[in-house]
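Below is one structure, written out as structure tokens, with a few remarks after it.
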Amino acid sequence: MKRRNFIQKIGVGSVVAGASLTAPHIAKAATQFKWKMVTAWPKNFPGLGTNANLLAKMITEMSGGRIKIKVYGAKELVPAFEVFDAVSKGVAEMGHGASYYWKGKSEATQFFSTVPFGLTAQEMNAWLYYGGGLELWRELYKPFGLIPAPTGNTGVQMAGWFNKEINNIDDLKGLKMRIPGLGGEVLRRAGGVSVNMPGGELFTSLQSGALDATEWVGPYNDLAFGFYKVAKYYYYPGWHEPGSAAEALINEKAFKQLPKDLQQIVLMACKAANMDMISEYTARNNQALDVLTNKHKVQVLALPQDVLKKLKVLSDEVVNELATKDAMSKKIFDSVVSFRSQVTRWGAISEQAYLQARSL
Ligand code: CA
């Protein structure tokens, strides 16, 4: 009797409310989602492929196994440059790549990886998470049924490996260099010859003289390719890729089928992977730079300021032209440019002033 009275006192409403909270939860817990993640990287490629692996592993572990993700290296399920379409069409539920690969879909995609003289990794995250960047990115990918999320950043890259010294802008004339994308266009306007080829072919091309120079990423990835054996000078800074962001692509329909807690887990895992990659690159670049300079006696040289100034003028031309492509590109360009001018002002008296002070 006592028990019955108690139930009557707390009221049927509470019991029903309690049940309604519990029952669907149990039902959801029983549902397991099996996802595929296609990537634009060779399987287990250091820093990038391993970030995709980490992202998949975190999602599986954070969800207690309710989402299982199988990661595919480039060409295992689809070629690197078909990742966007594969996730858009639902061939895979997730993808891992870099947004500048999709400039054929819209020139504006390039703003979400990197543009010459654009944002650093820290500035990029600030723009994406707190400066309206991520909303614009989602708007850009919405017509393709895709939800994008930043999932890593290489930090400032190196200008590249050269077999001749660069003392003034004319030294770039006729220079045959592997430098893809907008950076490549800037080199062309400086009189150079830009080519694109996969990372695996760069070593032999430098060795045979088919290439005079190549950029790749930074000490961590460049040491692994052994470029120090076939190029004399290692130039900095990577004006063309000041903070290249990796992206996760999520098929919108598949995302919407997830209960709310799993949706959050997917997005938070992307955020955690984003933090992980820049931390890893910063730490491993330091170590690799030591090996390159101390063990392999690589000559690390700064591009002369005058050369950088001229490259910046040409870069502004090239990036400004993106704004003329279509309304969406203009909207994104305006957002980035206004953010960059704000962050440049603040950065000058914070990070930049501090780093200068530290090196006095
Ligand atoms: Ca690069």
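Below, each value reflects all heavy atoms present in this structure, side chains not excepted, and no hydrogens, waters or symmetry copies. Predicted model, so just to flag it, every value in this text is computed and none were measured. Counting convention: from 1, in listed order, for ligands and their atoms alike.
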* Please answer whether the main-chain N or O of Ser99 pairs with a side-chain N or O of Thr109 as donor and acceptor at a distance below 3.5 Å. => yes
* Checking Lys103 against Tyr100: charged group under 6.0 Å from the ring centre and within 45 degrees of the axis? -> no
* What does the angle at the Ca ion (ligand 1) come to, between atom OE2 of Glu241 and atom OE1 of Gln157, rounded to 10°? -> 100°
* Asked: Asn274 and Asn125: side-chain donor and acceptor closer than 3.5 Å?
  -> yes
* Asked: What atom name does the N, O or S atom of Glu215 nearest to the Ca ion (ligand 1) carry?
  -> OE1
* **Greater than 12 external heavy atoms within 6.0 Å of Glu252's CD** => yes
* Backbone or side chain, does Gly183 get an N/O/S atom under 3.0 Å to the Ca ion (ligand 1)? -> no
